[in-house]
Amino acid sequence: MAAAEGGLVPEGRASLAAFLLGASVAALPLLAGPGLQGRAALALHLAGINALLLLLYRPPLYQVAVRACLLGFACGCGLLLSCGRSSWEPFGWYMCSLSLFHYSEYLVTAINNPRSLSLDSFLLNHSFEYTLAALSSWIEFTVEKIIYPEMKQITWLSTVGLLMVIFGDCLRKAAMLTAGSNFNHIVQNEKSDTHTLVTSGVYGWFRHPSYVGWFYWSIGTQVLLCNPVCVVGYTLASWRFFRERIEEEEFTLIHFFGVEYLEYKKRVPSGLPFIKGVTVEL
């Protein structure tokens, strides 16, 4: 897939338009108000957007657009919850964080490395474990909110979580943009002609800034929700996943770049606590 001259590839443009259309649901309370009238307006709005997408795009662009639209819709609903001054406000910010994370993964890939762009770039089907973790956090939030609602109204803790989410996602996207076409969601086993070792920018701070960002983003989502069980579970599961992922990736990087990577590894930490990566003597 080649980049469009002077701008985004068609998939990127379609996804951006669809995401904004989905997010426009946030304007519905201004147009329709609460109650049955608001629900009817919501249903008509969603039906209208889907009809418009069907008219504008054919497969495979429609498949891209409908996913981006659903993420935009989730983001718009999150904005409604977070600005509604209800006890669901933290969950609203969580919905915004989750939808923006997944959509921006696709958009940055479309900008940076369109040749590797696919529906998988949304990371919506990352793994069964990832889906199970998300469901677990929703269940914990709901159950604890019913049993002990005050637990979900610790504003300062949710603010800390939101700051972790913002920091983590910004660091990950900065890593993707810095790496350019060298970044790929899948660990590469063969070195391409354009593959270079990136050591500048955020890669001068950490060897794996995209993993560092994702690690703190994932934990931050649970701090934001004031989910004590999932904070512990996400921390342990994320740490184990990235330890194994870093070891796998560093074997490949050493194979690709040899002494150059080993020297870089000596100078720059992985960025994740107690994870040193592959141990190889020079």
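The structure displayed is predicted, hence computed values, not measured ones.
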Exercise. Just wondering, do Leu262 and Lys266 contact through their side chains at under 4.5 Å, heavy atoms?
Worked result: no
Problem set entry | Stepwise ring-ring contact (aromatic ring centres under 6.0 Å, His included) check, Tyr94 with Trp88 | CA-CA 10 Å; Tyr94 166 82; Trp88 288 92; over 10 Å; no
For this session: Examine distances only and state if a side-chain atom of Asn184 and a backbone atom of Ile186 form a donor-acceptor pair shorter than 3.5 Å.
Result: yes
Exercise. Are any non-hydrogen side-chain atoms of Trp217 and Met164 less than 4.5 angstrom apart?
Worked result: no
Problem set entry | Parallel, tilted or perpendicular, as decided by the 30° and 60° cut-offs, for the rings of Tyr106 and Phe122 | parallel
Exercise. Can you tell me how far CG of Leu70 sits from CZ of Phe19, rounded to the nearest 0.5 angstrom?
Worked result: 11.0 Å
Problem set entry | Expected output: side-chain Glu250 to main-chain Val278 donor-acceptor under 3.5 Å | yes
Exercise. What's the spacing between Leu98 CG and Leu224 CG if we round to 0.5 Å?
Worked result: 11.0 Å
Exercise. According to a 4.5 Å side-chain heavy-atom criterion applied to Ile, Leu, Val, Met, Phe, Trp and Tyr, with indirect links allowed, do Val198 and Trp205 form part of one hydrophobic cluster?
Worked result: yes
For this session: Determine, using the 4.5 Å side-chain heavy-atom cutoff (strictly less than), whether Leu53 and Tyr103 are members of one ILVMFWY cluster.
Result: no
Exercise. Any chain of hydrophobic side-chain contacts (each under 4.5 Å) joining Leu46 to Leu79?
Worked result: no
Exercise. Hey, are the side chains of Pro90 and Ser158 touching, using non-hydrogen atoms and a 4.5 Å cut-off?
Worked result: yes
For this session: For the pair Glu263 and Arg267, find out whether any cationic side-chain nitrogen is under 4.0 Å from an anionic carboxylate oxygen.
Result: no
For this session: Treating Ile, Leu, Val, Met, Phe, Trp and Tyr as nodes and any side-chain heavy-atom pair under 4.5 angstrom as an edge, say whether Leu135 and Met95 lie in one connected cluster.
Result: yes
For this session: Could you list all the ring pair (Phe, Tyr, Trp, His ring centres under 6.0 Å) pairs where at least one residue sits in residues 165-192, not counting sequence neighbours?
Result: Phe183-His185
Exercise. Is there side-chain contact between His195 and Phe256, with heavy atoms separated by less than 4.5 Å?
Worked result: yes
For this session: Using atom types as modelled and distance alone, determine if a side-chain donor or acceptor of Arg243 lies under 3.5 Å from a backbone N or O of Ile275.
Result: no
Problem set entry | Any side-chain heavy-atom pair of Ser97 and Leu162 under 4.5 Å | yes
For this session: Spell out, as yes or no, whether a donor-acceptor pair under 3.5 Å connects the side chain of Thr142 to the backbone of Trp138.
Result: yes
Problem set entry | Lys276 atom NZ, neighbour heavy-atom count above 12 within 6.0 Å | no
For this session: Using modelled atom types only, decide if a donor and an acceptor are shared between the side chain of His208 and the backbone of Ser270 within a distance under 3.5 Å.
Result: no
For this session: Please confirm whether the backbone N or O of Ala133 pairs with a side-chain atom of Tyr234, one donor and one acceptor, at under 3.5 Å?
Result: yes
Exercise. Taking it one step at a time, do His255 and Tyr261 satisfy side chain to side chain contact (heavy atoms under 4.5 Å, CB included)?
Worked result: CA-CA 9 Å; His255 175 70; Tyr261 185 79; over 6 Å; no
For this session: Mark yes or no for whether Arg172, through its side chain, and Trp214, through its backbone, hold a donor-acceptor pair below 3.5 Å.
Result: no
For this session: Please answer whether the main-chain N or O of Thr196 pairs with a side-chain N or O of Asn182 as donor and acceptor at a distance below 3.5 Å.
Result: yes
Problem set entry | Check against side chain to side chain contact (heavy atoms under 4.5 Å, CB included), Ser121 and Ser116 | CA-CA 8 Å; Ser121 300; Ser116 69; 5.6 Å; no
For this session: Taking the side chain as every heavy atom from C-beta outward, state whether Val223 and Leu157 have any atom pair closer than 4.5 Å.
Result: yes
Exercise. Does Trp239 use its side chain to pair, donor to acceptor, with the backbone of Pro273 at less than 3.5 Å?
Worked result: yes
Exercise. Run the side-chain hydrogen bond (donor to acceptor under 3.5 Å, both in side chains) check on Tyr57 and Gln63 step by step: do they pass?
Worked result: CA-CA 9 Å; Tyr57 306 114; Gln63 294 176 321; over 6 Å; no
Problem set entry | Glu140 side-chain N/O to Cys230 backbone N/O, donor-acceptor pair under 3.5 Å | yes
Exercise. Do Arg207 and Tyr264 pass the side-chain hydrogen bond (donor to acceptor under 3.5 Å, both in side chains) test, and can you show the C-alpha distance, the side-chain angles, and the key distance before you say yes or no?
Worked result: CA-CA 8 Å; Arg207 295 199 307 276; Tyr264 170 64; over 6 Å; no
For this session: Determine whether Glu89 and Leu81 make a side-chain contact, defined as any pair of heavy atoms from C-beta on separated by less than 4.5 Å.
Result: no
Problem set entry | Glu144: salt bridge (charged side-chain N to carboxylate O under 4.0 Å, His left out) partners, not counting sequence neighbours | Lys152
Problem set entry | Close side-chain approach of Thr221 to Tyr216, heavy-atom, < 4.5 Å | no
Exercise. With the 4.5 Å side-chain cut-off for hydrophobic clustering, are Val66 and Leu20 part of the same group?
Worked result: no
